[in-house]
Amino acid sequence: LGLKFNMMEQRLGVWSVAIPSVQAPSFRRPCHGFGPVQNCSKHVRAAAKPHFQGGSASALPKLSQMLSYIVTNSGHSCRGGIRNINIAVSKTAATFVGVFAGCVLASPRLEVSRDGRFMHEAGTPNVALQCRQSQALQRRRLPKNVVRVLSGLVLGEIMGSATFSGGWHFCLAYCAVVYLISLEYSNILNRVLNPPIVPILRQSLSVVAVCIVLAAHFGVLTGIFECAAISMLLLLLVLQGNSRQEGGSVPIRFPHIASQVFGVFYVGYLPSFWVRLRAIHVDLPSPPADWLFSLTRLLHWPCQPTVGLCVTVSLVLCIISADTCAFIGGKTWGRRPLILISPKKTVEGAWFGLMGSVCMALLCDATWGFPNDARIAALVGAVVFAASLLGDLVASAMKRDAGLKDASSLVPGHGGILDRFDSYVFS
């Protein structure tokens, strides 16, 4: 049954019992019940329920105590109080079957064969029901690309409405994004730094990043980064410097100082430029295309054609186009790897991303009538692609150092907020 027994002696009176540790259980039969297990299902449920409630395998050492209790009290259910060794053997065997059922419940996933039928299952009715439910859930699961598109549409509706509304709507939506990015950044730091930063310092970085965005919204354009960096260094010395570490190790090292200053720059100062950009309330030299107003009325989004709205929306569309074209081009024609820190990115995908960003910039120039110069629009599209690629690679380097594939699992199909907005940081 795929169990590996580590011989760890645990003294319980006169008993010395081997405690099993779980490896992946491997059953070679499809879903069905076994006759002997069904005959003793009462003992199986009685043995498995108190020890594997919730499918936890951490309670396996309790098996030794139960075996000792069963063997020493095996005769109380016999007629006339005569101890019967057959009852002890049957209950002990039922206990082991309960252990095996619990191992299957504790297994993180069930292996599926080519025809979609589950091949891992113990013979108890409860586990068989769980197997059928998991099989039905596997059939109903949406494809990954569909989930990715749907979650992108929901996120686009939220941020698109806030972007076109501007003002406090855009500021508060972007403050929420910055707050979540700062939490994911702190989670990455905890996997890299030794000793890890204290929890209150993580929240302090989030508060400082949000304050930088709010300051940009109120028109404070100078001294933001300096004040925020000095504040984080003071908090680092006070909060992290007074924390006691195991073994008397130093609580603050050079990576702690560098990571906090870079965190202020990465999750607070750079994102604040989006708020500054959206706050440019200068009218466009010429009105945009009519179909743009029709589209915004259909989506119930307000549309006041200003330079800030035009440039913000154009940059977002260039980044989305670059990411989409790079993904499709790299998936279809990608052969040569672009850089080692991100093995899935290819040179061919980068070229497709560049073309997608430039084409979208030209389309936005024709729609908005700004900057009304195809050469400038193409140059802006190329620069935006380079900045988005830089942000993507910086985030990939941080996650790779921390041993993470995604910053979190907050956005289905995309990973975390940082995985979705890493291209926007330097743009």
Side-chain angles (χ1 to χ4, degrees), residues 145-146 148-177 213 216-217 219 271-329 352-388 411 414 420-421 423-424 426-427:
N145 290 335
V146 176
R148 185 182 180 91
V149 171
L150 292 178
S151 59
L153 290 176
V154 173
L155 193 60
E157 166 65 25
I158 297 173
M159 296 305 298
S161 175
T163 302
F164 274 85
S165 298
W168 277 104
H169 298 87
F170 181 75
C171 181
L172 293 179
Y174 216 68
C175 283
V177 171
V213 176
H217 176 73
S272 69
F273 279 91
W274 283 94
V275 178
R276 299 187 190 186
L277 193 65
R278 181 62 184 88
I280 301 176
H281 298 294
V282 178
D283 294 334
L284 291 174
S286 59
D290 294 335
W291 66 266
L292 180 62
F293 292 101
S294 302
L295 179 62
T296 54
R297 281 196 298 268
L298 180 64
L299 297 174
H300 299 285
W301 291 355
C303 182
Q304 296 179 355
T306 61
V307 173
L309 176 62
C310 164
V311 178
T312 303
V313 173
S314 298
L315 291 183
V316 170
L317 293 178
C318 286
I319 294 173
I320 295 175
S321 177
D323 290 344
T324 305
C325 293
F327 175 77
I328 296 175
F352 273 91
L354 176 61
M355 290 187 292
S357 180
V358 171
C359 291
M360 181 56 69
L362 294 175
L363 179 61
C364 290
D365 177 53
T367 302
W368 293 94
F370 184 83
N372 201 18
D373 190 334
R375 292 172 298 178
I376 296 178
L379 178 62
V380 170
V383 173
V384 168
F385 166 73
S388 65
V411 184
H414 294 269
R420 182 61 272 171
F421 286 92
S423 301
Y424 296 77
F426 291 95
S427 299

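Scope of the values below: all heavy atoms of this structure, side chains included, with no hydrogens, waters or symmetry mates. We're numbering straight along the sequence, starting at 1.
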Working to the nearest 0.5 angstrom, can you tell me the gap between Phe170 CZ and Ser161 OG? 12.0 Å
Over-ring placement of Arg278 relative to Phe164, 6.0 Å and 45° cut-offs: no
Minimum heavy-atom distance between Ser151 and Arg148, given as atom pair plus value: OG-O, 3.1 Å
Side chain to side chain, Ile328 and Phe352, heavy atoms closer than 4.5 Å: no
What's the shortest heavy-atom distance between Pro302 and Ser165, and which atoms? CG-OG, 3.5 Å
Which atom pair, heavy atoms only, marks the closest approach of Ile376 to Pro371? CG2-CG, 3.8 Å
Separation of Ile280 CD1 from Thr306 OG1 (nearest 0.5 Å): 8.5 Å
Under a 4.5 Å cut-off applied to non-hydrogen side-chain atoms, are Thr163 and Val316 in contact? no
Distance check, rounded to the nearest 0.5 Å: Ile320 atom CD1 versus Asp323 atom CG? 8.0 Å
Is there a side-chain contact between Leu277 and Leu315 in this structure, where contact means two heavy atoms from C-beta onward sitting under 4.5 Å apart? yes
4.5 Å side-chain heavy-atom contact, Trp368 and Val311: no
Write down the atom of His414, the atom of Gly152, and the distance for their closest heavy-atom approach. NE2-N, 3.8 Å
Here the pair of heavy atoms bringing Ala374 nearest to Leu362 is O-CD2, 3.4 Å
Check the surroundings of atom CD in Gln304: do more than 12 heavy atoms from other residues, nucleotides or ligands lie under 6.0 Å from it? no
Distance check, rounded to the nearest 0.5 Å: Thr296 atom OG1 versus Leu309 atom CG? 9.5 Å
Give the C-alpha distance, both sets of side-chain angles, the deciding distance and a yes or no for side chain to side chain contact (heavy atoms under 4.5 Å, CB included) between Phe385 and Met355. CA-CA 9 Å; Phe385 166 73; Met355 290 187 292; over 6 Å; no
Could you tell me whether the side chain of Phe293 reaches within less than 4.5 Å of the side chain of Pro305, counting heavy atoms only? yes
Distance check, rounded to the nearest 0.5 Å: Phe370 atom CZ versus Cys364 atom SG? 12.5 Å
For Met360 versus Cys318, what's the shortest heavy-atom pair and its separation? CG-N, 3.7 Å
Ignoring hydrogens and angles, tell me if any N or O in the side chain of Ser388 forms a donor-acceptor pair with the backbone of Val384 under 3.5 Å. yes
How far does OG of Ser427 sit from CD1 of Ile319, to the nearest 0.5 angstrom? 3.5 Å
Report the C-alpha distance between Asn372 and Ser286 in whole Å, list the side-chain angles of each, state the deciding distance to 0.1 Å, and finish with yes or no for side chain to side chain contact (heavy atoms under 4.5 Å, CB included). CA-CA 9 Å; Asn372 201 18; Ser286 59; 5.7 Å; no
Angle between ring planes, Tyr424 versus Phe421, binned at 30° and 60°: parallel, tilted or perpendicular? tilted
Residues Asp365, Arg375: salt bridge by 4.0 Å N-O rule: no
Answer whether the closest heavy-atom distance between the side chains of His217 and Trp168 falls below 4.5 Å. yes
